[in-house]
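Let me begin by presenting the structure, written as structure tokens, before commenting on it.
Just so we're on the same page: letters track the sequence lines, and every chain starts at 1. Just so it is clear, the model here is predicted, and its values are computed rather than measured.
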Amino acid sequence: MRLKDLLIEALLSITANKTRTFLTVLGIVIGISSVISLISIGQGAQSSVKSQIGTLGSNLLTVSMNFNRNSLNTSEMLTTDDVKAIEKISLVKAVAPQVSTNTQIVYKGAGVNTQIIGTNDNYDDVRNITIDKGSFISSKDVTSYTKVAVVGPTAAENILGENREPLNETIKIDGIGFKIIGVTKTKGQSGMTNQDNMIYIPISTAQRYLTGNDSISSINIGVISENAMNEAKQQVTLALLKTHNIADSSSANFTVSSQTDVVETISSVSETFTLLLAAIAAISLVVGGIGIMNMMLTNVTERTKEIGLRKAIGASSTDIVVQFLTEAILLTSFGGIIGTLLGVLLSYVLTQFFNIATTVSVSSIVLAVGVSAGIGLVFGFYPAKRAARLDPIQSLRYE
Amino acid sequence: MIDLQQITKTYQSGENETQALKGVTIHVDEGEFVAIMGPSGSGKSTLMHILGALDKPSTGHYLLDGKDVSTYSEKELAELRKKKLGFVFQSFNLLPRTTAVRNVMLPLLYTNVSESKRTGLAEESLRAVGISEKHWAHMSNQLSGGQIQRVAIARALINSPRLILADEPTGNLDTKTSEMVLSVFQRLNNEGRTIVLITHEPDIANHAKRIISMRDGLIESDTQVKNRRISIEEKQ
Ligand SMILES: Nc1ncnc2c1ncn2[C@@H]1O[C@H](COP(=O)(O)OP(=O)(O)OP(=O)(O)O)[C@@H](O)[C@H]1O
Ligand SMILES: [Mg+2]
């Protein structure tokens with residue numbers, strides 16, 4: 001049979017029972033669109049994680065303590081000694097210790113909770129933060145315990161309201177007034193934290209008025225170049241083992257990690273997440289495929305006489321197999337195309353209206369359409385084979 | 001052309017065995033017009049299906065143009081049905097939801113004949129059985145019983161088969177429509193095609209040149225028609 005005739009014949013049969021065709025195709029549409037949209041969510045998460053390598057700075061090392069419930073004493077904290085030891089390393093360009101806390105900020109009687117970071121004048125440089133208006137914390141602010149704050153754009157908006165100029169306004173952190181001296185440029189989400197919803201104050205001020213002790217939450221280290229990262233990481237580890245009096249690096253109570261390490265961990269998690277989503281969607285595709293098989297089997301039974309007639313006028317078994325397979329593949333491909341469009345639309349809606357990062361890749365579309373045609377082939381094969389096996393006489397006598 | 005030698009056919013359905021044909025020997029020459037008669041259940045359709053290469057005999061030989069059909073492969077059988085034979089069935093002749101023209105060209109869909117040539121042949125065939133142009137695009141359920149049978153004959157003709165097999169083609173038709181269908185067969189026979197037709201009615205059988213009567217799976221009589229009835233073809 002010519003391809004064109006084959007398609008016409010298949011279309012005629014498919015459109016004969018429109019309700020049934022619609023419901024069967026719907027199964028495939030749902031399967032494919034969930035594959036596309038769920039994978040797009042997974043890949044969206046992955047690519048947003050990857051794009052953060054750049055925003056955080058690829059030559060940033062972070063030191064943090066491994067918290068252990070049983071040994072939560074001050075000797076297990078990071079201290080100024082650690083900072084000084086790190087500053088001596090030649091591969092280190094700048095060091096910015098930080099104290100993080102979460103406190104209520106009050107402005108004109110209204111309060112919001114925001115993350116506060118106490119740090120020094122190197123922080124903006126080490127973490128790639130740029131100032132939009134005003135200036136960042138200076139070394140003089142740190143030495144003289146100034147009560148000044150640099151705010152992120154989102155934090156500024158949350159605290160002061162939308163259209164107010166933040167510079168030189170005074171906000172109350174834990175009841176103490178801080179003057180805003182700078183606003184950072186928008187930077188976006190990084191992992192779990194929104195870098196725009198931050199308030200930076202001098203570390204000395206934070207330790208004296210907010211945390212009440214000398215401990216440091218973590219240390220940010222700017223390395224002179226990306227190539228020196230591994231070397232610098234080793235040297236920092238060695239220096240800290242010394243200050244902490246630990247002989248063996250395997251029993252270290254701190255972690256030195258580069259941003260690449262963090263991103264790698266997150267992206268391996270999100271890869272697993274993508275796989276899981278794809279697996280769930282694949283199940284719905286298989287269910288759709290069984291729907292196709294069911295419909296085709298009903299079709300074969302209903303069209304027994306037609307098959308007998310076709311064979312009696314000269315159709316070979318191969319002709320019959322090909323005809324039924326074409327019908328099945330046409331159904332699933334059709335469902336695949338509609339499902340793809342719907343899936344892409346769904347991803348768009350998720351991004352636009354629910355702020356969920358999605359990436360629709362061409363490969364997932366090709367995969368989905370290919371898989372749906374494949375489903376037609378696999379689940380259509382048994383019914384088609386059954387149709388071809390029908391004896392022309394038996395089928396013509398069939399009542 | 002047709003050489004049936006001691007054909008038997010036994011159907012097995014569970015415990016029961018039905019011997020539909022008990023040893024039938026028939027010889028039909030090219031250009032003959034044979035009517036097969038006999039009571040219901042005497043084995044006429046069974047015989048016809050064997051002649052049409054749709055079914056295989058249990059024992060005996062069926063030679064078509066000197067070749068034993070039982071040696072054909074599934075593929076060769078399909079070829080044979082497609083090229084040499086034209087079949088008109090007792091019932092269920094046309095595909096539902098399909099136009100008359102498309103029904104007629106159905107056998108050609110399984111060949112390499114081009115689309116335009118196919119349409120031409122289908123229209124020619126429909127004209128030959130007296131279906132006027134205004135019915136060509138009708139769906140099969142929009143045609144009358146007589147029209148359906150004639151479209152079925154048109155389909156049987158489209159491959160220019162040398163042997164036409166018709167199982168009670170006038171079974172559900174009134175006398176006038178039957179005459180019309182028979183006139184088509186007589187003309188085709190005059191053009192040199194071999195025709196085997198099953199019927200219950202002696203009136204119909206008398207349009208043929210030879211009548212074979214069957215009873216209980218055996219041939220009861222085989223006679224030439226003396227006062228053959230000729231139907232005048234009238235186009236409608
Ligand atoms: N597939 C089958 N299985 C079992 N028995 C069958 C089968 N097909 C036909 N028979 C039996 O074979 C016998 C002959 O049937 P056949 O259809 O050839 O009769 P017929 O002469 O064409 O009758 P009618 O005039 O009613 O069409 C019948 O007794 C029938 O019951
Ligand atoms: Mg019969």
Anything in residues 306-338 of chain A with a heavy-atom distance to chain B below 4.5 Å? Please list those residues in order.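 Result: A:E306, A:L309, A:R310, A:K311, A:A312, A:I313, A:G314, A:A315, A:S316, A:S317, A:D319, A:Q323.
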
Report, by ascending residue number, the residues of residues 11-40 of chain A in heavy-atom contact with chain B at a distance under 4.5 Å; give 'none' if the set is empty.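 Counting heavy atoms that sit under 4.5 Å from chain B, the residues of residues 11-40 of chain A involved are A:L12, A:A16.
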
Best-contacting candidate, [options], against chain A by heavy atom pairs under 4.5 angstrom:
options                      : result
B:R155, B:R81, B:E115, B:K83 : B:R81
B:K75, B:E79, B:E74          : B:E74
B:T111, B:T98, B:D55, B:L95  : B:L95

Any chance [atom1] of [X] has more than 12 other-residue heavy atoms, nucleotides or ligands included, within less than 6.0 Å?
X      : atom1 : answer
B:N112 : CG    : no
B:H138 : NE2   : yes
B:K84  : NZ    : yes
B:Y11  : OH    : yes

Under 4.5 Å heavy-atom distance to chain A, tell me which part of [X] shows up: side chain, backbone, both or neither.
X     : answer
B:V88 : neither
B:S73 : neither
B:L77 : neither

Do you know the tightest heavy-atom contact between A:D5 and B:R102?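 Scanning both residues completely, I find the closest heavy atoms to be O-NH2, 4.0 Å.
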
Rounded to the nearest 0.5 Å, what's the gap from CG on A:L6 to CG on B:L109? Could you check?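 Going from the CG atom of A:L6 to the CG atom of B:L109 covers 9.5 Å.
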
